[in-house]
Chemist: 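Before I ask anything, here is the structure I am working with.
So that the names make sense, note that chain A is the first sequence line, chain B the second, and so on, each numbered from 1.
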Amino acid sequence: MGSSFFTPLSWSDSGFILTGVLNTVYISLVAIIVGTLLGLAVGFIRAEANKATNVLLGGILDILRSVPLIIQLILFSTYIGAIGHPLDPFVTGSIVLSLYTMAFMSEVFRGGFESVHQSMIVAGRSLGMSYWQTVVHIRLPIGLRAVFPSWLGVALSVIKDSALVSVIGYMELLRTSEQLISRTQQPLEILIGVGLFYFIVSYPLSLYGKYVERKMAI
Amino acid sequence: MEYEFHWNIVFDKLPQLLSGAFVTLHVSVLSMLIGIAIAVLLAIAKMSDSRLISLPATVWVEIARNTPALFQIYMAYFGLGAFGIHLSPYAAVLSALVFVNAGYLTETFRGGFLSIPKTQYSASKSLGMSSIQVYRYIILPQMFRRIYHPMTNQFVWSILMSSLGILVGMNELSGETQRLQSLSFRTLEFFIVAAVMYFLITKFVLFSASLVSQRLFRGDI
């Protein structure tokens, strides 16, 4: 004791921690929204497209799912730096995390679209609906409802995976806490707080997902 | 601006990268084996009627499922220091992966077990089978079929997540790549090769798993 090199955690750090929390929420929301929209489009294309397009698209999505997120973040951030267009860590992180989310979401939505029985679409067409009317009024509502629990599962994993964006310098919650740890040397208190935050966000949503799944199973 | 690739530096270091890939496989296989053993116990505990036994299992499962893997690794690497436990990077990543794998697999095992109707148990009993025979020939084979694919996915997840070892200075594929690129600054080349290696490892695991499953479960509907 007596050394002033390490300063203990104090209330004045709460603003710093809050920034980390908000940044985590912020980048997770961006990735979930953009990833869902892109995934919806790609999932629809995959459900409709011919074999050749599917093999090509599937291959690209497969790479996004089979290479660790942390490597994708490092590669993309190094690449745009090397070609002379460095971006803000938030933008870089959002792009990579959104594409990563898209890769998982597209499979979820593809399954949803394919779960809508052909006879319903035929029935819609025979009632005089156009192709896009069957998409908007039949395939989207029925297909999307079926995959809601899976969608929620992917969204929750994105919130957790957003912690990895810290590797390219984005000040999300875990990086904030890491900096606080090196200053205060109080790892346990800080990490328990961080864990609690993720838990409080994720646990109720996962319970809700299970509830919906059980309700739909009947 | 054009970026000029220099691959020779990377190919010279291929043996080190391969040994990093070996550590990646090593830590993920081990985390699966220990994780499976713990998950079996947790699944049994979770199905217990006594809350005293089921509650700790539930707490483990929910913490593992609802917090980031990176948080678990930091907890093992920095957090345990508060108790005077100082783990090596390898031990920290291994214990974090074991913790998460056990949590996810518990639910997999429990779901697999509960999916088999109780009537099968009574039917086998009435055919004169002993309890051990019922589990050995009736319950466990069916259960294994149902948990096989989730287990394969969990293994792939472990391989991919062991890449977080880079953040605590572990010598698995990502950490080794990081160390090697810092000597030459050919960051892109090194990480592209690492990405390809992860892709190949993942594909190899999934391909072998599907071969094994065709052999194990042939004739099944």
Chemist: Which heavy atom of A/L75 sits nearest to which heavy atom of B/A195, and what is that distance?
Modeler: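 Looking at all heavy atoms of both residues, the shortest contact is CD1-CB, 4.0 Å.
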Chemist: Do other residues, nucleotides or ligands put more than 12 heavy atoms under 6.0 Å from A/H117 NE2?
Modeler: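 No - once you tally the heavy atoms of other residues, nucleotides and ligands closer than 6.0 Å, there are 12 at most.
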Chemist: Do A/I71 and B/Y198 have side-chain heavy atoms sitting under 4.5 Å apart?
Modeler: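 They are in side-chain contact.
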Chemist: Rounded to the nearest 0.5 Å, how far does CG of B/L160 lie from CG of A/L69?
Modeler: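 Those atoms lie 10.0 Å apart.
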Chemist: At a 4.5 Å cut-off on heavy atoms, which part of B/L188 comes close to chain A: side chain, backbone, both, or neither?
Modeler: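 Contact with chain A is through both the backbone and side chain of B/L188.
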Chemist: Looking only at non-hydrogen atoms, find the nearest pair between A/K160 and B/P68 and report the distance.
Modeler: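 Heavy-atom minimum between the residues: O-CB, 3.4 Å.
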Chemist: Could you walk me through whether B/I166 and A/I74 satisfy the side-chain contact (heavy atoms from CB on, under 4.5 Å) test, starting with their C-alpha distance in whole Å, then the side-chain angles of each, then the deciding distance to 0.1 Å, before giving a yes or no?
Modeler: CA-CA 11 Å; B/I166 191 176; A/I74 295 172; 3.7 Å; yes
Chemist: Do other residues, nucleotides or ligands put more than 12 heavy atoms under 6.0 Å from A/K51 NZ?
Modeler: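 Incorrect, the count does not exceed 12.
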Chemist: Pick one of side chain, backbone, both or neither for A/D62, based on which atoms fall under 4.5 Å of a heavy atom in chain B.
Modeler: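 Interface part for A/D62: both.
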Chemist: Is B/M161 in contact with chain A via its backbone, its side chain, both, or neither, using a 4.5 Å heavy-atom distance?
Modeler: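 Contact with chain A is through the side chain of B/M161 alone.
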Chemist: Give, as side chain, backbone, both or neither, the part of A/E189 having an atom under 4.5 angstrom from any heavy atom of chain B.
Modeler: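 Looking at A/E189, nothing touches chain B.
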Chemist: For A/Y79, is the OH atom crowded, meaning more than 12 foreign heavy atoms sit under 6.0 Å from it?
Modeler: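 No, the 6.0 Å shell around OH holds no more than 12 heavy atoms from other groups.
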Chemist: Does B/L211 have more than 12 heavy atoms from other residues, nucleotides or ligands lying within 6.0 Å of its CG?
Modeler: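 Result for CG/B/L211: enclosed.
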Chemist: In terms of heavy-atom proximity below 4.5 Å to chain A, should B/F83 be classed as side chain, backbone, both, or neither?
Modeler: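 Only the side chain of B/F83 comes within 4.5 Å of chain A.
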Chemist: For A/Y26, look at atom OH and say whether over 12 heavy atoms of other residues, nucleotides or ligands are found less than 6.0 Å away.
Modeler: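 It does not: A/Y26 OH has 12 such atoms or fewer within range.
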Chemist: What heavy-atom pair brings B/G79 and A/L188 nearest, and what distance separates the two atoms?
Modeler: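 Residues B/G79 and A/L188, closest heavy atoms: O-CD1, 3.4 Å.
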Chemist: Looking at A/L196, A/L164, A/V194, which one has more heavy-atom pairs under 4.5 Å with chain B than the rest?
Modeler: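 Option with the top pair count is A/L164.
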Chemist: Hey, are the side chains of B/M75 and A/I192 touching, using non-hydrogen atoms and a 4.5 Å cut-off?
Modeler: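 Counting from C-beta outward, B/M75 and A/I192 do come under 4.5 Å.
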Chemist: Taking atom CZ of A/F199 and atom CG of B/N66, what is their separation to the nearest 0.5 Å?
Modeler: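 Nearest 0.5 Å value for the CZ-CG distance: 5.5 Å.
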Chemist: Between B/I63 and chain A, with a heavy-atom cut-off of 4.5 Å, which part of the residue counts as in contact: side chain, backbone, both or neither?
Modeler: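 Interface part for B/I63: both.
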Chemist: Mind checking the CZ-CD spacing from B/F78 to A/Q186? Nearest 0.5 Å is all I need.
Modeler: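 Answer for the CZ-CD pair, B/F78 versus A/Q186, is 15.0 Å.
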Chemist: Working note: A/S166 + B/L70, criterion side-chain contact (heavy atoms from CB on, under 4.5 Å); need CA distance, chi angles, decisive distance, verdict.
Modeler: CA-CA 10 Å; A/S166 60; B/L70 184 55; 4.0 Å; yes
Chemist: Please classify the contact between B/I192 and chain A as side chain, backbone, both or neither, with a heavy-atom cut-off of under 4.5 Å.
Modeler: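 Backbone plus side chain of B/I192, per the 4.5 Å heavy-atom cut-off to chain A.
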Chemist: Top residue by heavy-atom pair count (under 4.5 Å) with chain B, among A/P187, A/S202, A/A163, A/S157?
Modeler: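 Maximum pair count with chain B is reached by A/S202.
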Chemist: Identify the heavy atoms of A/L191 and B/F71 that sit nearest to each other, and give their distance.
Modeler: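 Closest approach of A/L191 to B/F71: O-CE1, 2.9 Å.
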Chemist: Report the option among B/S163, B/A194, B/G81, B/S174 that has the most heavy-atom pairs separated by less than 4.5 Å from atoms of chain A.
Modeler: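 Option with the top pair count is B/S163.
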Chemist: Against chain B, label A/L174 side chain, backbone, both or neither, depending on which of its atoms sit under 4.5 Å from a heavy atom there.
Modeler: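 Both backbone and side chain.
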Chemist: Are B/E62 and A/Y203 close enough that a side-chain donor and a side-chain acceptor fall under 3.5 Å?
Modeler: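 Distance-only check fails for B/E62 and A/Y203.
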Chemist: Count the heavy atoms belonging to other residues, nucleotides or ligands that lie under 6.0 Å from CZ of B/F22, then report whether that count exceeds 12.
Modeler: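 12 or below, so no.
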Chemist: Please check if atom CZ in A/F16 has more than 12 non-hydrogen atoms from other residues, nucleotides or ligands closer than 6.0 Å.
Modeler: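 Buried by this count: over 12 neighbours within 6.0 Å.
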